[in-house]
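Worksheet for the structure shown next.
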Amino acid sequence: QGRCELAGGFLVEPDLNMISGESLVRQAVLGQQYLKNTWGRAAVTGWNIDSFGHSVQIPQICRKSGMESYVFSRGTAHGTGDQPSDFFWESPDGSSVFVHKTPYNYQIGRQIGQQADTTDEVSELFRLMRSSTPHDAFMAMVGADANEQVFNPHLSDVVTTWNSWQTADAEAVIATPADYFNALQSSPHPLPTIENEEFVNQNHLETSDGVLPGTYGARIEVKKTNSRYEQLLLDTEKISVFASLEGFDYPLSALMSATELLALNQTHDYIGGCGIDDIYEDDDSIINDFGDRAALIEDNLTAVLDQSG
């Protein structure tokens, strides 16, 4: 019916500056494969709204993975007007994606629809967002981060009520990312192109949702282990190719298992080191723990290397 749209396109919401280029590509490959296998279709919009910065190669990776647009929040100052909210972002190879960078926090609409009498919040949101963009259409997200219990059961009724009070030049619409990007296509205001820029902002944190301080240095052993396994995985794949030429079976299953385990471990909060202590402590009963995943990766890769001789 077109009421829902798959967005994301990456296996997890990874740290897009800390992991290797090969890992970035595999995040997109695995993410799109998961969506196709689970829902029967891939994402056309990349969705990394909480990742701490965005590599200049993201437009190229998105395009080659079937994504035409991209939405993010962290990595630039919010509410300053220093950069447009909507633009084309171009990688060094010329690949380009249609981008929406939230002018304010991605939870800006979290209160709308939690209660039936939140029409005033819609009016304030409308005033705030209209001042941040020259375009007739703008996007405001409803909901909250994964760690918060936020529900918006009255959203549809609130939107209907608010619209009934407006003149013809204003309308709130519950829409998908594709609806938003299609609406921008008809904007009379030209969309700028930003070339070869990486979005990382450690400054003005009091007025932005930039990169959290310390995420590139906290829990350094987690980061070192990720880098070691990234390289070990590539080395093992190369050795396995040569071994297969000598008659050994290529260990596809073991390598894919290691690839997925490593990718699951690259979510931005986790590898960024800003999680609570409990999620980093080894507990054999919790497979999501880093120590367990690292051990499984090492077991898989060691078996491959032993087989290859």
Side-chain angles (χ1 to χ4, degrees), residues 2-52 54-72 89 91 93 95-100 146 176-178 181 226-227 229-241 244 249-272 287-290 292-301 303-304:
R3 298 170 62 188
C4 297
E5 178 186 336
L6 296 175
F10 295 78
L11 187 64
V12 297
E13 203 169 323
D15 186 290
L16 299 163
N17 289 315
M18 197 179 306
I19 63 178
S20 70
E22 181 64 28
S23 288
L24 282 177
V25 171
R26 295 183 186 206
Q27 282 285 344
V29 170
L30 292 171
Q32 292 287 57
Q33 284 180 348
Y34 171 79
L35 292 177
K36 289 178 182 177
N37 293 338
T38 306
W39 302 99
R41 64 183 64 185
V44 295
T45 297
W47 194 272
N48 284 318
I49 57 174
D50 201 40
S51 294
F52 306 144
H54 305 267
S55 167
V56 69
Q57 297 299 133
I58 291 299
Q60 180 182 8
I61 293 171
C62 283
R63 274 294 183 178
K64 290 182 178 295
S65 304
M67 291 174 269
E68 302 173 357
S69 51
Y70 188 73
V71 180
F72 72 92
W89 183 21
S91 286
D93 76 322
S95 299
S96 177
V97 288
F98 201 167
V99 169
H100 175 70
T176 66
F181 287 114
N226 174 76
S227 294
Y229 284 129
E230 284 180 327
Q231 189 60 53
L232 180 58
L233 181 58
L234 290 176
D235 290 345
T236 305
E237 290 174 348
K238 295 172 185 176
I239 292 171
S240 298
V241 169
S244 69
D249 291 334
Y250 187 81
L252 180 61
S253 178
L255 289 174
M256 283 303 302
S257 175
T259 298
E260 292 174 4
L261 286 168
L262 184 61
L264 288 170
N265 207 47
Q266 293 171 335
T267 185
H268 61 286
D269 284 328
Y270 194 84
I271 196 172
I287 196 62
N288 291 334
D289 174 78
F290 178 81
D292 289 337
R293 286 182 178 171
L296 285 174
I297 293 170
E298 190 153 37
D299 288 345
N300 286 333
L301 296 181
V304 170

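Quick note: numbers below take in every heavy atom, side chains included, and nothing from hydrogens, waters or symmetry partners. We count residues from 1, following the sequence as given. As the structure is a prediction and not an experimental result, all values here were calculated from the model.
With a 4.5 Å cut-off on side-chain heavy atoms, Ile58 and Val97 do not count as touching. With a 4.5 Å cut-off on side-chain heavy atoms, Arg41 and Lys36 do not count as touching. Looking at heavy atoms from C-beta onward, Asn265 lies out of side-chain contact with Ile271 at the 4.5 angstrom threshold. Between Phe181 and His100 the shortest side-chain heavy-atom distance falls below 4.5 Å. The shortest distance between side-chain heavy atoms of Glu13 and Ile49 falls below 4.5 Å. In this structure the side chain of Thr259 reaches within 4.5 angstrom of the side chain of Glu237, judged on heavy atoms. Put simply, the side chain of Phe10 reaches to within 4.5 Å of the side chain of Met67, judged on heavy atoms. Put simply, the side chain of Arg26 reaches to within 4.5 Å of the side chain of Leu233, judged on heavy atoms.
The shortest heavy-atom contact between Met256 and Leu30 is CE-CD2, 4.0 Å. Here the closest non-hydrogen pair linking Ala43 and Gly9 is CB-N, 3.8 Å. Residues Ala42 and Leu35 come closest through the heavy atom pair CA-CB, 4.3 Å. Closest non-hydrogen pair, Leu232 versus Thr236, comes out as O-OG1, 2.7 Å. Of all non-hydrogen atoms in Ser20 and Glu230, the two that sit nearest each other are N-OE2, 3.0 Å.
To the nearest 0.5 Å, atoms CG (Leu24) and SG (Cys62) are separated by 10.0 Å. The CG atom of Leu234 lies 11.0 Å from the CD1 atom of Ile239; values are rounded to the nearest 0.5 Å. Here the straight-line distance linking atom NZ of Lys64 with atom CD of Gln57 works out to 10.5 Å at 0.5 Å rounding. Rounding to the nearest 0.5 Å gives a distance of 5.0 Å between CD1 of Ile19 and CD of Gln27.
Ring geometry for Tyr70 against His54 counts as perpendicular: the plane angle is over 60°, on a 0 to 90° scale with 30° as the lower cut. Between Phe72 and Trp89, the ring planes lie tilted relative to each other; the angle falls in the 30° to 60° range.
Between the side chains of Gln33 and Asn37, no donor-acceptor pair of N or O atoms lies under 3.5 Å. Side chain to side chain, Ser95 and Asp93 meet the donor-acceptor criterion of an N or O pair below 3.5 Å.
Within 6.0 Å of the OH atom in Tyr250, the count of heavy atoms belonging to other residues, nucleotides or ligands exceeds 12.
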Could you go through the side-chain contact (heavy atoms from CB on, under 4.5 Å) check for Val44 and Glu5 one step at a time? CA-CA 9 Å; Val44 295; Glu5 178 186 336; 3.8 Å; yes
Could you go step by step and tell me if Thr45 and Thr176 meet the side-chain contact (heavy atoms from CB on, under 4.5 Å) rule? CA-CA 10 Å; Thr45 297; Thr176 66; over 6 Å; no
Test side-chain contact (heavy atoms from CB on, under 4.5 Å) on Met18 and Asn226; report intermediate values, then the result. CA-CA 10 Å; Met18 197 179 306; Asn226 174 76; 5.9 Å; no
Let's go through Gln60 and Ser91 carefully: what are the C-alpha distance in whole Å and the side-chain angles of both, what is the deciding distance for side-chain hydrogen bond (donor to acceptor under 3.5 Å, both in side chains) to 0.1 Å, and is it a yes or a no? CA-CA 6 Å; Gln60 180 182 8; Ser91 286; 5.1 Å; no
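Remark: side-chain polar atoms of Gln266 are not paired, donor with acceptor, to backbone N or O of Val12 under 3.5 angstrom. Side-chain atoms of Ser257 do not come within 3.5 Å of backbone N or O of Ala254 as any donor-acceptor pair.
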